[in-house]
Structure formats: C-alpha cells, structure tokens
Amino acid sequence: MSVRTRFAPSPTGNVHIGNLRTAIYNWLFSRHEGGEFLLRIEDSDRARSTPEAVQTVMDALEWLGLDYDGEALYQSTQLERHMEVAEELLRRGAAYKEDKGGTGRGEAVVFRMPGKDVGFVDAVKGRIEKKAENLKDFVIVRSDGSPVFHLGNVADDITMGITHVIRGDDHVENTFKHVAMYEALGIAPPVFAHLPMIVNAQGRPYSKRDGAAYVGEFQAQGFLPEALFNSLALLGWSPGDDREVMSREELVAAFELGRVRSSPSQMDMTKLLWMNGEHLKRRGLEENVAGFRQAMERAGRLPAGTDPEYFKAVVACMGERVKLYGDLGEQAGFFFDEGYAYDEKSVQKRLMKPGAMEVLREELAALEGLEVFSAESTESALRALAERRGGGMGELVHPLRVAVSGRAVGPGLFEMLEVLGRGRVGARVRRTLERFGG
RNA sequence: GCCCCCAUCGUCUAGAGGCCUAGGACGCCAGGUUCUCAUCCUGGUAACACCGGUUCGAAUCCGGUUGGGGGUGCCA
C-alpha cells in the first residue's frame, strides 16, 4: 500500500515551529516513500478558525515548499461522516449512550475501552503499552451532538486513507484511545510515529519568550526557507553520516522515520544563523540580490530609484559578511544613505588622531587624479602614497574607511571604493574633512 | 497522586557489546591569512546523569534512583 501522511493543524493564526517540524517530517517521509502528503484543517473549533488563520497555515507551507496532494480537507465538512462512525461504534457495541457524570445535559456517546491492554509499535519510540485498568471510557460525541477530537481525528484519518500518523509527542496518550477505536471498527490502525517536543533552555515547551517561535518571525527576519527547513529537519533526526547542510532533495533521499530520535531537543538560533549563511552561499548572486532588495525595501532603507547595478555591486561586495537578508541594512546601509552616521568610537580612534585630517587630504588628492577609479587603481595609488609618506598602509586605510562609511568594519576598502565610485568617495571624504577638520 | 515517555560535549547529534582513552557540527578559545570585520585554513576546549546487575568486555542490554517532559476534559 502506498504511503499517505497528513498534516492536521488547527488554524489558530500562527504556525509554531514545533508544528512546522511535524509538517516537515510528514512531508519528508511521504516524499521519500513516493507517497502522498495531505492537508487537513482541523477547524472544528469554529471560534478560533478564521479564513485568515487558515491562510496563515497555507502561506507557511508554501513558503517552506511543503506542497500537499489534492485539496485540503476541512474537518468542519465531515460532521456527517463523524456521526456515521459514531453510529457504527454504537452498532458494534463499542460505544454506549450515557449522561456521563450525571450532568443533566443529556446523553453523550461514550466509547467503551476494550477491557484489555492496548498497545502499538511507535515508529520512533518502539512498543508502547498500557494496562487495561489504566484505560478509561471516554466521550466521543457530546450531549449537544458535536463530535469530540478523538472521533473526528480517527474518522478523518480513515476517510483520508492515512497510513502513517506522524504527530507530536503530546498525542501518545491519545493514541491508546485511537488504536482502540480502530480495533473496535475492525480497521487496521495506521503506523504511529510520535515526535519529541522542541524545548527551550529550561526544558520547557518552546514558546514565544524563547525567541522566534512562529514561522512568520523567521520569515520577517530574513531567514531562508531552505535554511529553516534544513535546521528543523535536523532537530531530532540525522542522516547518520556527517552531513548537515543539505538540500531539500538530499533530505528527501535520506529521511527515515527509524532515525528520528526519541528525546526532546532544543532550538539553537546561533546554529540556525550559521545554517542560513551556508544556504545563502549556495544560492546564486541574482537570487540573493532579489532577497536582499526585498528585505531592504521592507525596512525602508533602499531609496527609490537606486540603480539596480549599484545595488547588485553592493551585494557582491558585501559577500559573505552578511548571514541574513535582514542584516544588510544595518551593515551596508551607508551605501545608500549620504547621511550615514559616524560611529563614535571609530571616529575617536581613526579621525581624531593628530594628522588624520592631513592624511585624508593627501588621500583625496591621490584618488582624484586617477584616470580609472577601480579597486586596483585606488589601491596602487594609496600604496604609492604610503611609500612616499613612509608609513604603513593601515595609516591610510583606517581613516579613509571611516570617512567613506562611518564605521570601522566592512568589506575590503578598495572594493568598497570602487563600488561607491569616484563621485561618492570624493563627496564623502570632503564632507568628513569639513565635519572633523575643525 | 496515577499513567506514558525521555536522559552522550553549553547546543544539535554519531554511536544499535569490543572499531570509543566516545566521532562530527554550531559556539567558544588560540594561531595563520588580511587594511578592519566576516570568510577561509590549522589547532584546542568540552559529554556517556547516578547506582547496581548481565558479560571476558557496556555509552550501548536489564533493574533501580534522580532529573525532565507529556497525559490525566462532554479542549484540540
């Protein structure tokens, strides 16, 4: 039988990374097996399930490239089907009606636990069993006629022909109930695989206060989907060899449920950032240019009418100094802003030194006389100047860097000069001389 | 309380009885390259929770302890 997995989120408006990781494992497993990956929207809680919330889920899946087969199934449309299953259970004597707890609210449908031990082989945890005396009957249809989670979940999985249920660890208790329901129905249960939780530094469930907890936040910070995908895939699973930076295809090829770890793991933002840098290198310049541009525009740091070639040159020049699309503005904003700020410490160290202004003036003179204004020509001009003055290159490089960029760190000076161009460099040095020259 | 699950460097992990004086990655530290930072290269730091048992031999198997998590709804 061909594999069918599903991702069954309740649309609550946010997609937590734990759920996202569950979606990734379902997707990875079904793609690896050449099976299907389905989407079910568990919107039975009508109050919280808005169209916007559903869209948020869809957007997250699309961003990560988690394509699902067929149409999404909305649980709210399956009411009749749920009732059929409840009827069937009643018919088989596996359920009964009762005012459980004597609430006076009328009769609910209660599932009867089989009176024997229930167990199953979890694909990641191995065999799990529970004694009959620890299994209690439970409500599957409320006295108001609405189905309870367990009923809907099992009925829908049957309807959808799900062969492997890959879900969070918090569902293992439910699984005893679900397995019992399958057995009562005379249907072979699917394979269950329970994924350990993603926890914070305190070992508690990863939440908002532990850093970015929802997909949208990673997206907003400029993380690459393939980097988040890769990191999450490796959180609880590994290919068994030493590979870490992997493409979607490599992950699909290597993924096995049996290699999923059964202990909880902690998200490491530092490693995610590194991973992002690795995937950035793997993307082409053009793609990165587009990504950086989008982030810059969103941050309002890219003036309208910026020459595309200039922008591209800046990105190429920044090279691997930036690990996140969202960080370009902070690190290279001066390229696009003539009103760039001067870093106070750098000014003190490089421009307020005795003779610094004189050096800048000499550099300006040397650069302005150049026929061609390139990295090579500016470098040889300054080397010649250094020779004449008898000092080191550092004495020339540092003040000039601060003068044209306002900061002490950045790309190679000569590369930077070429990208900025003669006009900007001249104007910036002059402005610096006026401002700090006394 | 009861039930279920989990336990290797700070973090992510490899390890399915000898290949382990425990390997890789991130981070961190040191050195190299260099005009700064980043990259890159080299080296280093750091772990089998504890106690028993099985075995010629245990990170690996078994039991217990401790610690952590999950569940215990006419929530999902």
Side-chain angles (χ1 to χ4, degrees), chain A residues 8-10 12 42-45 48-49 75 98-101 103 105-110 119 122 124-126 128-131 133-136 138-150 152-153 168-177 194 196-199 201-205 231-232 234-245 258-259 261-275 277-278 281 318-323 331 346 349-350 379 382-383 386 392-402 405 407-416:
Chain A
S10 317
T12 56
E42 299 212 331
D43 59 347
S44 46
D45 183 351
R48 282 193 294 175
S49 305
Q75 187 162 63
E98 184 191 295
D99 180 357
K100 202 164 176 280
T103 58
R105 275 181 279 176
E107 292 196 313
V109 179
V110 182
D122 189 285
V124 342
K125 293 176 177 301
I128 305 179
E129 262 191 87
K130 199 148 183 171
K131 294 256 181 288
E133 64 260 36
N134 295 319
L135 266 9
K136 289 187 299 199
F138 58 96
V139 171
I140 54 175
V141 180
R142 300 188 186 87
S143 46
D144 67 1
S146 61
V148 165
F149 166 75
H150 305 292
N153 196 269
D169 226 352
D170 48 333
H171 282 290
V172 314
E173 286 306 311
N174 297 332
T175 307
F176 297 106
K177 297 176 179 170
H194 290 98
M197 317 207 77
I198 295 178
V199 299
Q202 289 73 250
R204 297 278 152 72
S231 289
L232 252 21
L234 256 28
L235 206 55
W237 171 86
S238 73
D241 47 44
D242 287 337
R243 285 180 296 166
E244 297 216 277
V245 182
R259 294 199 54 84
R261 277 175 62 85
S262 51
S263 52
S265 43
Q266 200 178 310
M267 184 79 178
D268 183 351
M269 291 303 286
T270 312
K271 191 159 184 177
L272 206 214
L273 196 61
W274 164 79
M275 181 69 83
E278 293 301 307
K281 286 184 212 167
M318 289 305 288
E320 288 162 15
R321 253 162 277 265
V322 185
K323 286 185 175 168
Q331 291 183 41
S346 308
K349 189 167 178 193
R350 304 299 186 191
E379 175 160 8
L382 291 200
R383 286 208 185 278
M393 271 299 266
E395 290 175 33
L396 302 186
V397 166
H398 297 305
L400 186 53
R401 173 188 300 286
V402 177
S405 72
R407 35 167 58 219
V409 302
L413 176 69
F414 306 108
E415 250 186 299
M416 188 160 77

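Chain letters run A, B, ... following the sequence lines, proteins first and then strands; every chain starts at 1.
Taking atom CG on A:D169 and atom C1' on B:C3, their separation rounds to 14 Å, with Å as the unit. The distance between atom CD of A:Q331 and atom P of B:U36, rounded to the nearest whole Å, is 17 Å. Separating the CE atom of A:M416 from the C1' atom of B:C37 is a distance of 11 Å, rounded to the nearest angstrom. In this structure, CZ of A:R321 is placed 11 Å from P of B:U36, rounded to the nearest angstrom. Atom-to-atom, CZ of A:F149 to P of B:A76 comes out at 8 Å; the value is rounded to the nearest Å. When rounded to the nearest whole Å, the span between CD of A:E133 and C1' of B:C2 equals 11 Å. Remark: P of B:A38 and CZ of A:R407 are 13 Å apart, rounded to the nearest angstrom. Rounded to whole Å, the distance from CZ on A:R350 to C1' on B:C37 is 12 Å.
Annotation: B:A59 and B:G17 have their C1' atoms spaced 10 Å apart (nearest Å). Across the P atoms, B:C4 and B:G63 are found 13 Å apart, a figure rounded to whole Å. Between B:C9 and B:A14, the two P atoms lie 13 Å apart (nearest whole Å). On the P atoms, B:C48 is 34 Å away from B:G32, given to the nearest whole Å. Across the C1' atoms, B:A30 and B:C35 are found 23 Å apart, a figure rounded to whole Å. Rounded to a whole angstrom, the distance from the P atom of B:C26 to that of B:G43 is 14 Å. Between B:G69 and B:C62, the distance separating the two P atoms is 25 Å to the nearest Å. One P atom belongs to B:A49, the other to B:G10, and the distance between them is 12 Å to the nearest Å.
Contact annotation: side chain of A:S143 to base of B:C74, donor-acceptor pair present below 3.5 Å. Within 3.5 Å, no donor on the side chain of A:R105 pairs with an acceptor on the base of B:C74, nor the reverse.
B:C37: no Watson-Crick or G-U partner with both key distances under 3.5 Å is found in any strand. Base-pair partner of B:C61: B:G53 (Watson-Crick or G-U wobble, both distances under 3.5 Å). Across all strands shown, B:A76 remains unpaired; no Watson-Crick or G-U wobble contact has both distances below 3.5 Å. Across all strands shown, B:A47 remains unpaired; no Watson-Crick or G-U wobble contact has both distances below 3.5 Å.
When the nucleotides B:A76, B:U39, B:C4 are ranked by their closest atom to the side chain of A:V148, B:A76 comes out on top. When distances run from any side-chain atom of A:S44 to the nucleotides B:C3, B:C40, B:A76, the shortest one goes to B:A76. Considering only side-chain atoms of A:M197, the nucleotide from B:G69, B:C4, B:U39 that sits closest is B:G69. In the set B:C3, B:C35, B:C6, the nucleotide with an atom closest to the side chain of A:K125 is B:C6.
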Chi angles and distances behind the side chain to side chain donor-acceptor pair (under 3.5 Å) call for A:S44, A:Q75 = CA-CA 6 Å; A:S44 46; A:Q75 187 162 63; 3.2 Å; yes
Stepwise side chain to side chain donor-acceptor pair (under 3.5 Å) test for A:S405 and A:R407 = CA-CA 5 Å; A:S405 72; A:R407 35 167 58 219; 5.7 Å; no
Between A:H171 and A:F149, is a ring pair (Phe, Tyr, Trp, His ring centres under 6.0 Å) present by the stated rule, with each step listed?
-> CA-CA 12 Å; A:H171 282 290; A:F149 166 75; 5.7 Å; yes
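No hydrogens or angles considered: nothing links the side chains of A:H150 and A:N153 as a donor-acceptor pair under 3.5 Å. Judged by distance alone, the side chains of A:D122 and A:H194 do bring a donor and an acceptor atom under 3.5 Å apart.
In terms of the salt bridge (charged side-chain N to carboxylate O under 4.0 Å, His left out) criterion, A:D144 has no residue partners (sequence neighbours excluded). Scored by the ring pair (Phe, Tyr, Trp, His ring centres under 6.0 Å) test, A:F414 finds no partners at all (sequence neighbours excluded). In this view, A:V110 and A:Y96, A:E98, A:K100, A:D137, A:V139 satisfy the side chain to side chain contact (heavy atoms under 4.5 Å, CB included) rule, not counting sequence neighbours. Residues forming a side chain to side chain contact (heavy atoms under 4.5 Å, CB included) with A:K349 (at least two apart in sequence, or on another chain): none. In this structure, the salt bridge (charged side-chain N to carboxylate O under 4.0 Å, His left out) partners of A:R243, at least two apart in sequence or on a different chain, are A:D241. Annotation: side chain to side chain contact (heavy atoms under 4.5 Å, CB included) contacts of A:S231 (sequence neighbours excluded): A:L272, A:M275.
Within the nucleic acid shown, A:F414 comes within 4.0 Å of at least one base atom, counting heavy atoms only. Nucleic acid contact for A:G106: base, since at least one base atom lies under 4.0 Å from a heavy atom of the residue. Residue A:K131 is out of contact with every strand shown, counting any heavy-atom pair closer than 4.0 Å. Heavy atoms of A:P411 sit under 4.0 angstrom from at least one base atom. Among the heavy atoms of the strands lying under 4.0 Å from A:N174 is at least one base atom, whether or not backbone atoms are also near. Within 4.0 Å of A:H194, counting heavy atoms only, lies no atom of the nucleic acid at all. Within the nucleic acid shown, A:D99 comes within 4.0 Å of at least one base atom, counting heavy atoms only. Base contact: A:G410 has a heavy atom under 4.0 Å from a base atom.
Between A:K271 and A:E278 no salt bridge is recorded (no basic side-chain N to carboxylate O distance below 4.0 Å).
Across the interface with RNA chain B, nearest-nucleotide mapping of A:S262 and A:P147 shows A:S262 to be the residue nearer the 5′ end. Both A:E129 and A:S146 lie near RNA chain B, and the one whose nearest nucleotide falls closer to the 5' end is A:E129.
Neither OP1 nor OP2 of B:C4 sits under 4.0 Å from any side-chain N or O of A:K177.
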Result block: side-chain N/O donor-acceptor pairs under 3.5 angstrom for residues 392-399 of chain A, not counting sequence neighbours:
| residue | atom | partner | partner atom | Å |
| --- | --- | --- | --- | --- |
| A:E395 | OE1 | A:R389 | NH1 | 3.4 |

Could you run down nucleotides 12-28 of chain B 5' to 3' and tag each one B, S or - for protein heavy-atom contact under 4.0 Å?
-> BSSS--------BBBS-
N/O-N/O pairs, protein side and nucleotides 41-51 of chain B side, under 3.5 Å:
none

